[in-house]
Novice: 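I have a structure here, written as structure tokens, and I will follow up with some questions on it.
Sequence positions, counted from 1, serve as the residue numbers for this chain.
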Amino acid sequence: MIICRTKQEVQSLMGDWRGEGRSIGVVPTMGALHEGHLSLMDIAARQCDRTVATIFVNPLQFAPHEDFDAYPRDLEGDGAALSDRGCDALFAPDRSALFPADFSTNISVAGVGENHCAVARPHFFDGVATIVAKLLLILRPDAAVFGEKDFQQLAVIRRMVRDLDIDVRILGGPIVREADGLAMSSRNQYLSAEERAIAPALFRTIREAGETISAPGARWDDVCERATKAIIAAGFSSVDYVNFVDASTLDPLERAGPEGRILAAARLGETRLIDNIAVAPVRAA
Ligand code: PAF
């Protein structure tokens with residue numbers, strides 16, 4: 001696996017590959033890789049001739065009180081995992097390699113970038129959109145793969161790419177779960193043993209909510225109230241939101257109809273966990 005630390009290095013490599021007629025698939029990450037990320041590498045490898053992972057803990061998407069400094073970093077372990085998985089190149093710039101000292105641009109995606117996670121993390125999606133635009137413009141890949149675990153992030157990136165005419169195919173990869181249902185996340189490392197035992201309740205609850213809202217006559221207000229209570233009863237400290245939305249617009253739904261998604265975020269001690277689940281569309285009788 002080729003490791004690039006600067007824009008010039010990675011752009012020269014991309015230029016060589018494009019010159020050979022190879023298609024390029026990229027998986028942007030912040031490192032602390034787990035099977036969820038590696039499954040995205042597999043998708044990139046199936047779709048493209050050459051694969052690139054990026055690792056950059058992006059300061060733009062963390063608020064001052066959030067876990068930027070504490071965010072797990074293990075470049076050596078991540079590099080080994082990527083290489084074992086057959087990744088062709090890793091782009092791991094440091095901050096100064098990506099940002100001029102007076103960097104001053106911000107990309108903000110209205111609509112899908114509002115509500116849900118944006119309520120508790122108002123800077124988050126601007127930071128994501130800005131760094132992802134930069135990475136796509138530096139690498140100019142044919143495809144970029146993002147996990148559906150961050151469902152709203154995926155919607156923001158799709159919208160940004162469409163609105164700005166960035167010539168790349170955005171692919172979503174299904175959520176990878178632990179045996180007990182907990183969605184894999186780099187932040188699961190923060191959980192104590194006791195919290196780890198409680199954590200799968202988030203998925204169990206939204207899965208049940210998905211079944212309940214699919215039943216004829218069910219209304220989201222009632223299902224949401226029950227789900228929120230169940231998450232707290234399981235031992236979570238607080239619930240940021242449990243929302244039922246149209247899967248493509250992320251607008252709220254009152255009852256099952258178009259293809260839906262239940263999105264949820266809840267706090268377990270200091271750790272904020274997110275998860276989501278698909279709700280199948282209701283066919284007209
Ligand atoms: O999902 C992530 O790891 C990050 O938000 C991303 C897309 C790499 C942007 O920093």
Side-chain angles (χ1 to χ4, degrees), residues 14 23-30 36-48 51-56 58 60-62 91 105-176 183-186 206 210 241 243-253 257-265 274-281:
M14 299 298 107
S23 60
I24 300 168
V26 64
V27 179
T29 80
M30 298 206 300
H37 296 109
L38 298 173
S39 73
L40 304 180
M41 294 304 314
D42 295 344
I43 295 174
R46 281 198 295 274
Q47 297 282 329
C48 297
T51 56
V52 188
T54 73
I55 296 183
F56 180 66
N58 169 32
L60 301 179
Q61 68 192 71
F62 291 81
F91 178 42
T105 296
N106 182 56
I107 297 181
S108 188
V109 179
V112 291
E114 296 171 280
N115 303 317
H116 320 303
C117 276
V119 174
R121 308 189 70 195
H123 311 289
F124 177 70
F125 291 115
D126 285 15
V128 168
T130 306
I131 195 69
V132 170
K134 262 175 89 65
L135 291 169
L136 294 177
L137 293 170
I138 293 167
L139 295 164
R140 297 202 287 115
D142 298 274
V145 194
F146 298 87
E148 288 184 349
K149 152 107 186 328
D150 298 281
F151 197 79
Q152 190 177 10
Q153 167 174 282
L154 180 57
V156 165
I157 292 167
R158 284 191 199 282
R159 181 67 59 89
M160 187 250 318
V161 160
R162 188 206 68 182
D163 286 357
L164 298 183
D165 297 304
I166 301 178
D167 188 15
V168 64
R169 248 177 334 130
I170 300 297
L171 306 172
I175 299 176
V176 179
M184 287 194 186
S185 163
S186 306
I206 60 171
Y241 65 86
N243 292 342
F244 180 41
V245 299
D246 181 303
S248 52
T249 61
L250 305 195
D251 289 340
L253 292 176
E259 187 177 340
R261 204 92 187 180
I262 295 173
L263 311 177
I274 63 172
D275 204 345
N276 67 83
I277 192 164
V279 176

Novice: Are any side-chain N or O atoms of T130 and backbone N or O atoms of G127, one a donor and one an acceptor, separated by less than 3.5 Å?
Specialist: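 Side chain of T130 to backbone of G127: no pair is present.
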Novice: Using modelled atom types only, decide if a donor and an acceptor are shared between the side chain of T51 and the backbone of G25 within a distance under 3.5 Å.
Specialist: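 Absent.
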Novice: Any non-hydrogen side-chain atom of M30 less than 4.5 Å from a side-chain atom of S186?
Specialist: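 The answer is no; the side chains never approach within 4.5 Å.
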Novice: Which heavy atom in C48 sits nearest to a heavy atom in S23, and how many Å separate them?
Specialist: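 So the two residues come closest at CA-OG, 3.3 Å.
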Novice: Show the nearest heavy-atom pair for residues E148 and I175, with the distance to one decimal.
Specialist: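 Closest pair (atom of E148, atom of I175, distance): C-CG1, 3.9 Å.
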Novice: Given 3.5 Å as the limit, does a donor-acceptor pair link the side chain of H116 with the main chain of V245, or not?
Specialist: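 No.
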Novice: Looking only at atom types and distance, does a side-chain atom of Q152 sit under 3.5 Å from a main-chain N or O of N115, one as donor and one as acceptor?
Specialist: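 Looks like yes, one N/O pair under 3.5 Å.
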Novice: Any heavy-atom pair between the side chains of L135 and F91 that's under 4.5 Å?
Specialist: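 Heavy-atom side-chain distance check passes, below 4.5 Å.
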Novice: How long is the straight-line distance from CD1 of I138 back to OG1 of T54, given to the nearest 0.5 Å?
Specialist: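 Taking OG1 in T54 and CD1 in I138, the distance rounds to 9.5 Å.
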Novice: Of V145, T29, V176, I55, which meets side chain to side chain contact (heavy atoms under 4.5 Å, CB included) against H37?
Specialist: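 That would be T29; it is the only one of V145, T29, V176, I55 passing the side chain to side chain contact (heavy atoms under 4.5 Å, CB included) with H37.
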Novice: Can you tell if the side chain of I274 reaches within under 4.5 Å of the side chain of D150, non-hydrogen atoms only?
Specialist: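 In short, these two side chains touch, coming nearer than 4.5 Å.
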Novice: Got F124 and Q153 here, is their nearest side-chain heavy-atom distance under 4.5 Å?
Specialist: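 Yes, side chains in contact.
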Novice: Would the distance check show the side chain of N276 and the main-chain N or O of R261 forming a donor-acceptor pair, the cut-off being under 3.5 Å?
Specialist: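 Side chain of N276 to backbone of R261: no pair is present.
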Novice: How far does CZ of R121 sit from CZ of F62, to the nearest 0.5 angstrom?
Specialist: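 The distance works out to 6.5 Å.
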Novice: For residues P258 and L253, report the shortest heavy-atom separation together with the two atoms involved.
Specialist: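 What the structure gives for the nearest pair is CG-CD2, 3.8 Å.
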Novice: Once rounded to the nearest 0.5 Å, what's the spacing between atom CG of D275 and atom CG of L263?
Specialist: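 CG of L263 is found 10.0 Å from CG of D275.
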Novice: Side chains of V109 and F125, heavy atoms from C-beta outward: is any pair under 4.5 Å?
Specialist: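 V109 vs F125: side chains apart.
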Novice: Give, for atom CG of L60 and atom NZ of K134, the distance between the pair rounded to the nearest 0.5 Å.
Specialist: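 Rounded to the nearest 0.5 Å, the CG-NZ separation comes to 9.0 Å.
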Novice: If you apply the rule side chain to side chain contact (heavy atoms under 4.5 Å, CB included), what do you find for V156 with V132, and how did you get there?
Specialist: CA-CA 10 Å; V156 165; V132 170; over 6 Å; no
Novice: Please check this pair: side chain of Q47 against backbone of A44, looking for a donor-acceptor N/O pair closer than 3.5 Å.
Specialist: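 No: the side chain of Q47 does not pair with the backbone of A44.
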Novice: What are the two closest non-hydrogen atoms of G173 and I43, and how far apart are they?
Specialist: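 What the structure gives for the nearest pair is CA-CD1, 3.6 Å.
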Novice: Closest heavy-atom contact between A264 and I206?
Specialist: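 Where A264 meets I206 most closely, the heavy atoms are CB-CG2, 3.8 Å.
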Novice: Under 4.5 Å between any side-chain heavy atoms of Y241 and V119, yes or no?
Specialist: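 No; the side chains remain at least 4.5 Å from each other.
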Novice: Drop me the distance from I170's CD1 to R159's CZ, to the nearest 0.5 angstrom.
Specialist: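 That separation rounds to 13.5 Å.
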Novice: Please give me the minimum heavy-atom distance between V279 and G210, naming the atom from each residue.
Specialist: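 So the two residues come closest at CG2-CA, 4.1 Å.
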Novice: To the nearest 0.5 Å, what is the distance between CG (L164) and CG (D167)?
Specialist: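 The distance works out to 13.0 Å.
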Novice: Hey, does V128 have a side-chain heavy atom less than 4.5 Å from the side chain of P28?
Specialist: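 Sidechains of V128 and P28: no contact.
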Novice: Counting C-beta onward and ignoring hydrogens, is there a side-chain heavy-atom pair between I24 and L139 closer than 4.5 Å?
Specialist: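 I24 does not reach L139 side chain to side chain.
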